[in-house]
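Below: one structure, written as structure tokens.
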Amino acid sequence: MSVSSIANFRFDPHSHSAGALSLLRDCVGVVPGMCLLIIKEKKGSEYYDEAAPEITAALARDQNANVSIIEVERYLDCPVKIDKFIQSLSGYCHIIFFARIGDQLRFSDLSAIPPATMCYTLARESLDSVFGTACHHGLCEVKNALDVALSNAKEIQVTCPLGTDFNGCAQRDEAVSDVSINRFPMLVPSPVSCEGFNGKVVLSRFLVGTGSQFYDPYLLPLEGNVTAYVEQNKIVDFSGDENEVNKIRQHYELVSSKFDINPYFAHSWHAGMHPGCVFKNEAKSDIVRWSGSAFGNPRILHFHTCGEYAPGEISWTIVDPTIKLDGVPVWEDGVIYPKRIPNGEKLFDSHSRLAQLYENPLFSIGIES
């Protein structure tokens, strides 16, 4: 880990970043004198670009914050390193992660460190798009309202065009903890525990890691659809082409053996809620970047499996889900309708621009329908 200086990078008002402003003002709450730590990946990681963290740092300095930047590896491969890294983060008012390590730590106990924000704007283009500039406060209100609606629903049904049919309700005593790091932008509601749900989930296209750990192979391509049968938190069976089923079982056994975890455990699920979240390239062309950013689009619902914790180690990707809460399709064929939840019409009373984004969502997720 090395400390880098931004002394030679000065904020240029002619290259003003609306996304960086939203991050600092609306999410972080930067004020003069704040000690801000920005964590970025080492140059050449090809995950984040250089511009997004540097422009954010320059704008924070322009607002008279005291800014430090450290460069880190793309991930930490053992608990000892994670603990040591967490211990090194004291002494700041706020930490901003432009690094996958923030994603890796998002379900950890970070009570000993300052408030932190994980940025999913991987490049300057993303930071200043409708993804990075959508009203952060409004998105947080939508997220909180969805959490309440999902928790209060007496019956939730998840379906998809390929045949997924997963039913149940959130268990009050089985609530899934949300991440301990703020998200920017806000991408998803809190995970819903699979406890209390039963049904079938159709797996297609590929299985991919969750960002909790990195292993080889991180991507498992699927040549055909396989149906997983889930009872509460247990994956009880698979059906489909025998070769594909065997391939999936072998993958689960391989990953679970690496980390000494319960392979056939379905922990939780949630769907994207940001209609401006896009991935323009084919998912398989850059699966690590895709898996760490595209999940915020409402066209994607993902499950956390393999391991009795969120986010698990193997993710299931469901495309164009319909999620009915007590019969009302709040997500319908991959489009989210927050106004359909109780009191949802009031969500956008003071967020007209955000309402327009929800009425005109973007659909590019790197996967063909």
Side-chain angles (χ1 to χ4, degrees), residues 4-41 47-71 92-99 102-103 106 114-144 179 181-188 273-278 280 292-293 296-297 347-358 360-362:
S4 66
S5 170
I6 60 171
N8 295 324
F9 188 98
R10 302 305 301 171
F11 175 63
D12 179 0
H14 298 293
S15 63
H16 172 71
S17 170
L21 179 62
S22 179
L23 165 62
L24 294 172
R25 179 192 62 199
D26 303 327
C27 183
V28 175
V30 165
V31 295
M34 173 181 279
C35 291
L36 184 66
L37 174 64
I38 294 179
I39 298 177
K40 68 175 186 177
E41 295 190 359
Y47 191 83
Y48 286 90
D49 73 356
E50 286 287 301
E54 295 288 3
I55 288 172
T56 300
L59 179 57
R61 288 189 129 196
D62 190 63
Q63 297 178 357
N64 297 313
N66 299 315
V67 181
S68 299
I69 298 181
I70 62 173
E71 294 182 345
Y92 299 93
C93 300
H94 201 102
I95 299 167
I96 299 177
F97 287 94
F98 284 96
D103 222 13
R106 67 193 187 275
T117 296
M118 173 65 193
C119 292
Y120 294 94
T121 48
L122 305 187
R124 170 70 186 268
E125 179 186 8
S126 174
L127 187 63
D128 287 336
S129 70
V130 293
F131 178 53
T133 60
C135 177
H136 183 71
H137 295 306
L139 285 167
C140 289
E141 290 178 22
V142 172
K143 185 262 188 192
N144 292 335
V179 292
I181 296 178
N182 295 329
R183 288 188 176 101
F184 181 85
M186 184 57 69
L187 295 172
V188 286
M273 52 155 279
H274 194 316
C277 179
V278 297
K280 296 180 179 179
S293 60
N297 190 291
L347 283 173
F348 301 104
D349 285 351
S350 57
H351 306 298
S352 59
R353 182 168 168 264
L354 185 61
Q356 292 175 6
L357 180 57
Y358 273 94
N360 299 277
L362 304 181

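Note that this is a predicted model, so its numbers are computed, not measured.
- Taking CE of Met118 as the reference point, atom SG of Cys27 lies at 12.0 Å (rounded to 0.5 Å).
- Annotation: side chain of Tyr120 is not in contact with side chain of Cys277 (no heavy-atom distance under 4.5 Å).
- Using modelled atom types, one side-chain atom of Tyr48 and one backbone atom of Cys119 make a donor-acceptor pair closer than 3.5 Å.
- Contact detail for Thr121 and Gly132: the closest heavy-atom pair is CG2-CA, 4.1 Å.
- Nearest heavy-atom pair, Ile55 versus Ala20, reported as atom, atom and distance to 0.1 Å: CG2-CB, 4.4 Å.
- By the side-chain hydrogen bond (donor to acceptor under 3.5 Å, both in side chains) test, Ser22 is found to be paired with Asp26, residues two or more places apart in sequence or in another chain being considered.
- Taking all atoms of both residues into account, the shortest heavy-atom contact from Thr56 to Leu23 is CG2-CD2, 3.7 Å.
- The shortest non-hydrogen separation linking Gly102 to Ile181 is O-CD1, 3.3 Å.
- By the 4.5 Å heavy-atom criterion applied to side chains, Val30 and Leu59 are not counted as neighbours.
- Phe98 has its side chain out of reach of Asp49: every pair of non-hydrogen atoms, C-beta onward, lies at least 4.5 Å apart.
- Remark: the backbone N or O of Gly33 is not paired with any side-chain donor or acceptor of Asn64 at under 3.5 angstrom.
- Here the CG-CG distance, from Leu127 to Leu21, works out to 10.0 Å after rounding to the nearest 0.5 Å.
- Counting only heavy atoms from C-beta outward, the side chains of Cys93 and Cys35 approach each other to under 4.5 Å.
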Is there a side-chain contact (heavy atoms from CB on, under 4.5 Å) between Leu36 and Arg61 once you walk through the steps? CA-CA 9 Å; Leu36 184 66; Arg61 288 189 129 196; over 6 Å; no
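- Using modelled atom types, one side-chain atom of Asn144 and one backbone atom of Cys140 make a donor-acceptor pair closer than 3.5 Å.
- Annotation: Glu125, atom CD; neighbour count of heavy atoms from other residues, nucleotides and ligands within 6.0 Å does not exceed 12.
- Atom NZ of Lys143 is separated from atom CZ of Arg183 by 7.5 Å, given to the nearest 0.5 angstrom.
- With hydrogens and angles ignored, the 3.5 Å screen pairs no side-chain donor or acceptor of Asn182 with any backbone N or O of Val28.
- With sequence neighbours left out, the side-chain hydrogen bond (donor to acceptor under 3.5 Å, both in side chains) criterion links His136 to no other residue.
- Side-chain atoms of Leu139 and Met273, non-hydrogen and from C-beta on, do get closer than 4.5 Å to each other.
- Checked by atom type and distance alone, the side chain of His274 pairs as donor or acceptor with a backbone atom of Phe131 at under 3.5 Å.
- The CD1 atom of Ile38 sits 11.0 Å away from atom CD1 of Ile70, with the distance rounded to the nearest 0.5 Å.
- In this structure, the side chains of Pro114 and His94 stay at 4.5 Å or more apart for every pair of heavy atoms.
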Begin from the C-alpha positions of Asp103 and Phe97 and carry the test side-chain contact (heavy atoms from CB on, under 4.5 Å) through to its verdict. CA-CA 8 Å; Asp103 222 13; Phe97 287 94; over 6 Å; no
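- Remark: Lys280 NZ to Leu362 CG distance equals 9.0 Å, nearest 0.5 Å.
- Nearest heavy atom pair, residue Ala60 against residue Val67, reads CB-CG2, 3.7 Å.
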Between Leu24 and Ile96, is the side-chain contact (heavy atoms from CB on, under 4.5 Å) condition met? List the steps. CA-CA 9 Å; Leu24 294 172; Ile96 299 177; 3.9 Å; yes
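- Within the 3.5 Å criterion, the main-chain N or O of Ala18 finds a donor-acceptor partner in the side chain of Asp128.
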Can you check side-chain contact (heavy atoms from CB on, under 4.5 Å) on Glu54 and Ile69, steps first, answer last? CA-CA 9 Å; Glu54 295 288 3; Ile69 298 181; 3.8 Å; yes
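- Between Cys135 and Arg353, the shortest heavy-atom contact is N-NH1, 4.4 Å.
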